[in-house]
> 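Please see the structure below; I have some questions.
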Amino acid sequence: MRRIGMLTSGGDCQALNAAMRGVGKTLLKSGEQVEIYGFLNGYRGLIRSEFKMLSHSDFSGILTQGGTMLGTSRTPFKTIREPDEDGNDKVECMKHTYYKLMLDCLVILGGNGTHKTANLLREEGLNVITLPKTIDNDLWGTDMTFGFQSAVDIATECIDCIHTTASSHGRIFIVEVMGHKVGYLTLNAGMAGGADIILIPEIPYDIDKIVEKIKERERYGSTFTILAVAEGAISKERAAMSKKELKDAMKNYKYPSVSYEIADKLAKETGHEVRVTVPGHTQRGGSPCAYDRVFASRLGAEAGRLILEEKYGFMVGYKNREIVQVPLEEVAGKLKSVDPDAAIIKEAKMLGICFGD
Ligand code: F6P
């Protein structure tokens with residue numbers, strides 16, 4: 001008998017269910033005796049030993065469903081060694097649940113923070129396999145995460161809708177795309193949606209360059225401009241600050257987000273009306289796109305195969321168009337960012353897209 005625990009942790013995204021279905025079907029159809037324990041609401045379920053048993057029927061009909069059938073929560077890694085609200089040692093509780101249920105392995109679906117904790121559990125002696133989820137596509141060790149392509153589609157659709165109204169009114173529009181630390185989502189949705197200006201955290205912007213671009217467009221007869229701005233877009237001045245200086249500078253920040261600050265400045269500098277649209281969590285919601293359904297299913301199947309072969313301690317990732325096994329210690333604690341010198345940035349610039357640099 002194999003006993004497998006499964007959980008989804010961190011912010012949700014599309015195709016979490018598709019990935020779990022991939023693992024579940026592979027294990028349950030293998031002919032081996034398998035019990036699958038689904039821990040509820042992320043690591044919290046593992047800490048508190050809150051789970052439900054998952055059978056064939058739980059993995060049916062979920063391929064197309066967004067969200068996660070197990071629920072999720074954020075359990076910040078930086079406080080993982082601090083006691084929880086009941087005074088319990090979180091790591092010891094997770095280990096206790098694992099050994100009490102006599103689990104052979106944990107399958108953990110998550111992003112960056114989730115992988116730090118997963119690697120810690122591996123170091124503590126638990127068998128762990130992880131799957132890379134996040135709309136940000138910022139996980140080290142994999143070219144792609146599931147959820148990303150679905151979110152790109154949603155953000156692109158938002159920019160498409162803004163295009164028609166922006167051109168009718170001759171306005172400047174800012175679409176704020178998710179991504180506090182990395183700009184993959186903004187870059188891809190911005191290019192797909194034909195944004196004129198794309199601002200990402202990896203390329204600090206100069207507001208004068210943005211104004212210049214808008215004026216240049218006007219000279220060539222364009223009456224509107226669309227900016228795709230990442231949540232974490234940062235000006236050159238702020239990027240040059242130390243952590244402490246930045247913290248002080250942001251103390252009395254009066255805008256809900258950077259997009260509103262940019263909008264304010266552009267309205268003053270250009271004399272045009274500027275509007276901000278924030279699709280927010282819609283980017284993580286709804287049904288996974290076809291790409292993510294296939295991709296997450298493939299990752300899930302491979303995770304199932306590894307478990308059957310008792311190969312643990314890996315994230316199942318994707319490199320150079322191949323499904324690969326990446327040692328967890330190589331993934332945890334590292335961020336994959338957009339390279340400002342990448343070919344895609346050069347190509348976007350050749351198309352006339354301004355990055356504000
Ligand atoms: O990490 C995924 C993500 O959607 C980011 O793009 C975004 O900045 C963040 O989560 C939002 O977090 P929350 O759902 O906790 O508001």
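In listed order, ligands and their atoms are each counted from 1.
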> Do the side chains of Tyr291 and Ile344 join up, straight or via other hydrophobic residues, at under 4.5 Å, putting them in one cluster?
yes

> Which residue owns the protein heavy atom closest to atom 16 (O) of ligand 1, what's the atom, and how far is it?
His281 NE2, 3.2 Å

> Are Ile4 and Val316 connected into the same hydrophobic cluster when the rule is that any two of I, L, V, M, F, W, Y join if their side-chain heavy atoms are below 4.5 Å apart?
yes

> Among protein heavy atoms, which sits nearest to atom 12 (O) of ligand 1, and what does the distance come to when rounded to 0.1 Å?
Arg74 NH2, 3.0 Å

> Show the atoms of ligand 1 that are less than 4.0 angstrom away from any heavy atom in Gly179.
6 (O)

> Check whether any heavy atom of Gly111 sits under 4.0 Å from an atom of ligand 1.
no

> I'd like to know if Glu32 and Arg2 make a salt bridge, using a cut-off of under 4.0 Å between side-chain N and carboxylate O.
yes

> Which atoms of ligand 1 sit under 4.0 Å from any heavy atom of His180?
8 (O)

> Does an N or O from Asp136, backbone or side chain, lie closer than 3.5 Å to an N or O of ligand 1?
yes

> Output yes when Lys213 and Glu218 qualify as a salt bridge under the 4.0 Å nitrogen-oxygen rule, no when they do not.
no

> Which protein non-hydrogen atom lies closest to atom 8 (O) of ligand 1, naming both residue and atom, and how far is it?
Glu231 OE1, 2.7 Å

> Please write down residue, atom name and distance for the protein heavy atom closest to atom 3 (C) of ligand 1.
Arg284 NH1, 3.5 Å

> Does the cation-pi check pass for Lys254 over Tyr260, that is, NZ or CZ under 6.0 Å from the six-membered ring centre and within 45° of its axis?
no

> At a non-hydrogen distance cut-off of under 4.0 Å, which region of Leu185 contacts ligand 1 (side chain, backbone, both, or neither)?
neither

> Thr142: which residues meet the side-chain contact (heavy atoms from CB on, under 4.5 Å) condition with it, sequence neighbours left out?
Pro132, Leu139, Thr145, Met315, Tyr318

> Is there a side chain to side chain donor-acceptor pair (under 3.5 Å) between Ser257 and Glu176 once you walk through the steps?
CA-CA 9 Å; Ser257 69; Glu176 184 175 286; 2.6 Å; yes

